[in-house]
J.: 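One structure, pasted below without further comment.
Computed from a predicted structure; not experimentally measured. Note: hydrogens, waters and symmetry copies are ignored here, and every other heavy atom, side chains too, is used. Per chain, numbering begins at 1; letters A, B, ... match sequence-line order.
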Amino acid sequence: MESNGELKRTHKCGELSLDNTGQDIVLMGWVKKRRDHGGVIFLDLRDRSGVVQVVVSPDINVDAFEMADGVRAEYVLAVQGEVRKRPPGTENPKMATGDIEVIAHDIRVLNTARDLPFYPGDAAGVDEALRLRYRYLDLRRPEYWHIFSMRHKAAAIIRDFLSKNGFLELETPLLTRSTPEGARDYLVPSRVHPGEFFALPQSPQLFKQILMIAGFERYFQFARCFRDEDLRADRQPEFTQLDIEMSFVDEADVQELIEEMFVHLFKGLLGIELTRPFPRLTYQGAMARYGTDRPDLRFGLEIVDVSRLLTDSGCRVFADPIKKGGVVRGICVPGGAVFSRKVLDELSALAVEWGARGLAWFILGEKGIRSPLLKLMKPEEVDSLVAEMGAKTGDLLLFVADQSKTAEEVLGLLRLELAKRLNLIDTGVFSFVWITDFPLLEYNEDEQRLEAVHHPFTSPKEEDLPLLETDPERVRARAYDLVLNGIELGGGSIRIHKQEVQKRLFSAIGLKEEDVQDKFGFLIEALEYGAPPHGGIALGFDRMMMTILGLSTIRDVIAFPKTQSATCLLTSAPAPVAEKQLEELYIRTALDEESDGEN
RNA sequence: GGAACUGUGGUGUAGCUGGUUUAACACACCGGCCUGUCAAGCCGGAGAUCGCGGGUUCGAAUCCCGUCAGUUCCGCCA
């Protein structure tokens, strides 16, 4: 290996053009490809800016030629030479720098590379486990540099926007305390306090509220958050949240700020003009029309309630569930009459898998309506259904009769499935929607108690406050979620800033007074010292970038992601630690006892 | 905790209704030839016992069970 000696990099590979013709330059980068023609060697040299062809000929410099002879893919080189217009007929229109090439006068190997487990150029087709183990090779790809430069740019635009709007970027602790509610915590043992643990934050929620009490008025942070729950394609145990909090605001203030931020972001990042305001749907409306609280509004296929038309139906498939307090809801699929019996059977099977008893279908064919249920129904009943659904010849009607929750969920999933099958989703479209009026609390069957739908610091709507003790599940929250293309980017709320209300809420979710003091005493206390009205939002930054860039996994926007079993294949974390470390922390694992028990 | 899919030289795949393959092909790798290629080309070569363990069988990459790893989904994720 040779040192780069006195050579200094003067140019970037991808930035060279005919303008540089005749210049004596020094490049540094990786060998993407070596083509040896015996008498002349071509090296494609890559750095972050791009690729350029280096020509090494013994006629120019024998030393350089001999050096190039031993060079292999992914060697790191310094190349000194002259930029030249390529000889006529040898230009490569597929390369950005295809009009020129660099004639090597001097080549120095800054570092060699072994045979690689895979080459960056092939990485797209390589097993993901291998790519994660050699993540540095996987990341040695222009696709990733683009993703991460977009991520960087997005963060920069947001920082700039928020700074100009009076927000301070502040940091909050990673070593904090475990609080009840929410996800499972990642714990960090305290050496100084044996037997006691810090928790890594699931979000900086309480700290940002306390910053408001401290009078900062406008705060933001790209906050690392940790949740020890199972992973998904769009969920990592460690992720980044764009965390924002403001004082003296209401829901509309937060929403307007965020909309304006996204307008800036999309313009700066993608050159796309978003239209404001974003549509708003109530939670109930979203559930009724789309069967989910994160509807994808890029296509129609809305759910329609037809229960009132079928209460007295002779068809028991419909009438019976309604009698038991259920509903009949359906979707009109324009052009769906072309679906084969096989497809309808598949859709029915899916509906059953999702919890429905079955799927009723009506095909509005050229020769009339077809349905297994037709002979069980009065013609005028069928006509009224068709009219209510706004269906016309060529359409397909699908119905689920069940309890409203089941019917909504099944039709919501069916709606997505149909959109996929009919290719109704325009991937170039960005469809934002605010979901509002969430219930504040919901009953958790497993734990036999009420829980906060968002978190227990969310303010109830003023007018629903009296219901907190009498009919808590009917209390609506001053909360809002932001949804993009059917993906929940995040949510926020106006917080409780009155101690009395906060205590009532803790009480409603069954937290005992002493627990409140123990776990949240600092907050309760802070609320007594002039806490301003405040609210904010937290947006999943990784998920946001994934959605904006049209990627199918969050791992692609995280440089060093975890596998589905929450391990890092690059570092092999987590891993056992030395006995001494455990002793210092007064920790003994239960593993030994367990294996003893099994043996 | 549960379900599904995947696991064959360095990489990507084929084989997988059990035995005519000494497990095939492409790329990469090694050696040779070659002064204009950019998916360079031509000739030659090395390299896998089929994730791991067990079972069925005269015989297993191929069937069965278990297990590990990766992925997707359900539960979970205030």
J.: So which nucleotide does rA60(B) pair with, by the Watson-Crick or G-U wobble rule with both distances under 3.5 Å?
T.: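 Across all strands, not a single nucleotide pairs with rA60(B).
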
J.: Reading nucleotides 6-16 of chain B 5' to 3', which nucleotides get B (base under 4.0 Å from a protein heavy atom), which S (sugar-phosphate only), which -?
T.: ----SSS----

J.: Would you tabulate the nitrogen or oxygen pairs shorter than 3.5 Å linking the protein to nucleotides 43-48 of chain B?
T.:
none

J.: Using the C1' atom in both, what is the distance from rG15(B) to rA3(B), to the nearest Å?
T.: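 So the two C1' atoms sit 29 Å from each other.
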
J.: His11(A): which residues meet the ring pair (Phe, Tyr, Trp, His ring centres under 6.0 Å) condition with it, sequence neighbours left out?
T.: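 Testing His11(A) for ring pair (Phe, Tyr, Trp, His ring centres under 6.0 Å), a comparison that skips the adjacent residues, returns none.
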
J.: State which residues pass ring pair (Phe, Tyr, Trp, His ring centres under 6.0 Å) with Phe42(A); sequence neighbours excluded, sorted by chain then number.
T.: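 In terms of ring pair (Phe, Tyr, Trp, His ring centres under 6.0 Å), with neighbours along the sequence ignored, Phe42(A) is linked to His37(A).
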
J.: Between rU67(B) and rC30(B), how many Å separate the two C1' atoms, rounded to a whole number?
T.: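 Going atom to atom, C1' in each nucleotide, I get 38 Å.
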
J.: List in chain and number order the residues that pass side-chain contact (heavy atoms from CB on, under 4.5 Å) with Glu469(A), two or more places apart in sequence or in another chain; answer none if no residue qualifies.
T.: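 In terms of side-chain contact (heavy atoms from CB on, under 4.5 Å), with neighbours along the sequence ignored, Glu469(A) is linked to Arg504(A).
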
J.: Can you check the distance between rA61(B) and rC16(B), where both ends of the measurement are the P atom (answer in whole Å)?
T.: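 Going atom to atom, P in each nucleotide, I get 14 Å.
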
J.: Taking only the P atom of each, what is the distance from rU11(B) to rC43(B) in whole angstrom?
T.: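 Comparing P positions in rU11(B) and rC43(B) gives a spacing of 27 Å.
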
J.: In whole Å, measure the gap between the P atoms of rG59(B) and rG18(B) for me.
T.: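 Going atom to atom, P in each nucleotide, I get 15 Å.
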
J.: Roughly how many Å is it from CD in Glu488(A) to C1' in rC76(B), rounded to a whole number?
T.: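 Nearest whole value for this atom pair: 15 Å.
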
J.: Strictly below 4.0 Å: does Arg235(A) bring a side-chain N or O up to OP1 or OP2 of rC73(B)?
T.: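 False: Arg235(A) side-chain N/O out of range (4.0 Å or more) of rC73(B) OP1/OP2.
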
J.: Could I get the full list of side-chain contact (heavy atoms from CB on, under 4.5 Å) partners for Ala477(A), not counting sequence neighbours?
T.: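 For Ala477(A), the residues satisfying side-chain contact (heavy atoms from CB on, under 4.5 Å) (neighbours in sequence not counted) are Leu440(A), Thr458(A), Ala479(A).
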
J.: If the C1' atom of rA40(B) is compared with that of rU17(B), how far apart are they to the nearest Å?
T.: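 Result for the C1' pair: 43 Å, nearest Å.
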
J.: Sequence neighbours left out, what passes ring pair (Phe, Tyr, Trp, His ring centres under 6.0 Å) with Tyr283(A)? Give chain and number order.
T.: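 If we apply the ring pair (Phe, Tyr, Trp, His ring centres under 6.0 Å) test to Tyr283(A), skipping adjacent residues, the hits are Phe438(A).
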
J.: Could you tell me how far rA60(B) sits from rC50(B) if I compare only their C1' atoms? Round to whole Å.
T.: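 To the nearest whole Å, 11 Å.
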
J.: Can you list the steps and then say if Glu451(A) with Asn444(A) is a side-chain hydrogen bond (donor to acceptor under 3.5 Å, both in side chains)?
T.: CA-CA 6 Å; Glu451(A) 274 184 348; Asn444(A) 181 322; 2.9 Å; yes

J.: Could you pull out all residues at least two apart from Glu525(A) that satisfy side-chain contact (heavy atoms from CB on, under 4.5 Å)?
T.: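 Result, side-chain contact (heavy atoms from CB on, under 4.5 Å) vs Glu525(A): Glu528(A), Tyr529(A).
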
J.: Tell me: CZ of Phe226(A) to C1' of rC77(B), nearest whole Å?
T.: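 From Phe226(A) CZ to rC77(B) C1': 16 Å.
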
J.: For Ala129(A), which residues count as a side-chain contact (heavy atoms from CB on, under 4.5 Å) partner, sequence neighbours excluded?
T.: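 Residues passing side-chain contact (heavy atoms from CB on, under 4.5 Å) with Ala129(A): Asp127(A), Leu569(A).
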
J.: In whole angstroms, how far is the C1' atom of rC73(B) from the CG atom of Leu413(A)?
T.: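 So the CG-C1' distance, Leu413(A) to rC73(B), works out to 11 Å.
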
J.: Within the pair Ser565(A) and rA69(B), is there a side-chain N or O less than 4.0 Å away from OP1 or OP2?
T.: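 Checking Ser565(A) against rA69(B): no side-chain N or O falls below 4.0 Å of OP1 or OP2.
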
J.: Identify, with sequence neighbours excluded, every residue that meets ring pair (Phe, Tyr, Trp, His ring centres under 6.0 Å) alongside Phe506(A).
T.: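 By the ring pair (Phe, Tyr, Trp, His ring centres under 6.0 Å) rule, Phe506(A) matches Phe520(A).
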
J.: Quantified in whole Å, what is the P atom distance between nucleotide rU22(B) and nucleotide rC27(B)?
T.: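 Taking atom P in both rU22(B) and rC27(B), they lie 25 Å apart.
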
J.: Take the protein atom CZ of Arg131(A) and the nucleotide atom C1' of rA69(B), then report the distance between them rounded to whole Å.
T.: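 Computing the Arg131(A):CZ to rA69(B):C1' distance gives 16 Å.
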
J.: Check the distance between rG75(B)'s P and Glu353(A)'s CD and give it to me in whole angstrom.
T.: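 Distance check: Glu353(A) CD to rG75(B) P gives 12 Å.
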
J.: Would you tell me if any nitrogen or oxygen in the side chain of Arg72(A) comes within less than 4.0 Å of OP1 or OP2 on rA28(B)?
T.: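 The answer is no; no side-chain N or O of Arg72(A) sits under 4.0 Å from OP1 or OP2.
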
J.: For each nucleotide in nucleotides 35-40 of chain B, reading 5' to 3', give B when a protein heavy atom comes within less than 4.0 Å of its base, S when such contact involves only the sugar-phosphate, and - otherwise.
T.: BBBBSB

J.: Report the distance from atom NZ of Lys562(A) to atom P of rU72(B), rounded to the nearest whole Å.
T.: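 Interatomic distance, NZ of Lys562(A) to P of rU72(B): 16 Å.
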
J.: Tell me, yes or no, whether the heavy-atom count around Trp30(A) atom CH2, taken from other residues, nucleotides or ligands under 6.0 Å, exceeds 12.
T.: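 Check fails, neighbour count at 12 or below.
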
J.: If a pair satisfies salt bridge (Lys or Arg N to Asp or Glu O under 4.0 Å) and one of its residues is in residues 505-520 of chain A, list it, with sequence neighbours excluded.
T.: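 Of all non-adjacent pairs touching residues 505-520 of chain A, none passes salt bridge (Lys or Arg N to Asp or Glu O under 4.0 Å).
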
J.: Under 4.0 Å, counting only non-hydrogen atoms across every strand here, what does Phe457(A) touch: a base, just sugar-phosphate, or nothing?
T.: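 Nothing: the residue Phe457(A), judged by heavy atoms under 4.0 Å, touches no strand.
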
J.: Counting only side-chain N and O atoms of Thr567(A), is one of them less than 4.0 Å from OP1 or OP2 of rG70(B)?
T.: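 For Thr567(A), the contact criterion (side-chain N or O under 4.0 Å from OP1 or OP2 of rG70(B)) is met.
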
J.: Regarding Arg84(A) and Gln23(A), do their side chains bring together a donor and an acceptor under 3.5 Å, going by distance alone?
T.: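 Note: Arg84(A) and Gln23(A) side chains miss the donor-acceptor criterion.
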
J.: Which is more 5' along RNA chain B, the nucleotide nearest Gln564(A) or the one nearest Glu229(A)? Just name the residue.
T.: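 Going by which nucleotide is closer to the 5' end, it is Gln564(A).
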
J.: Rounded to whole angstrom units, what separation is found between the CZ atom of Arg133(A) and the P atom of rU71(B)?
T.: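 Interatomic distance, CZ of Arg133(A) to P of rU71(B): 15 Å.
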
J.: How is Arg555(A) classified with respect to the nucleic acid when contacts are heavy atoms under 4.0 Å: base, sugar-phosphate, or nothing?
T.: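 Sugar-phosphate contact only.
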
J.: Go through the side-chain N and O atoms of Asp556(A) and Tyr144(A) and say whether any donor and acceptor fall under 3.5 Å apart.
T.: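 Asp556(A) vs Tyr144(A): donor-acceptor pair found between side chains.
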
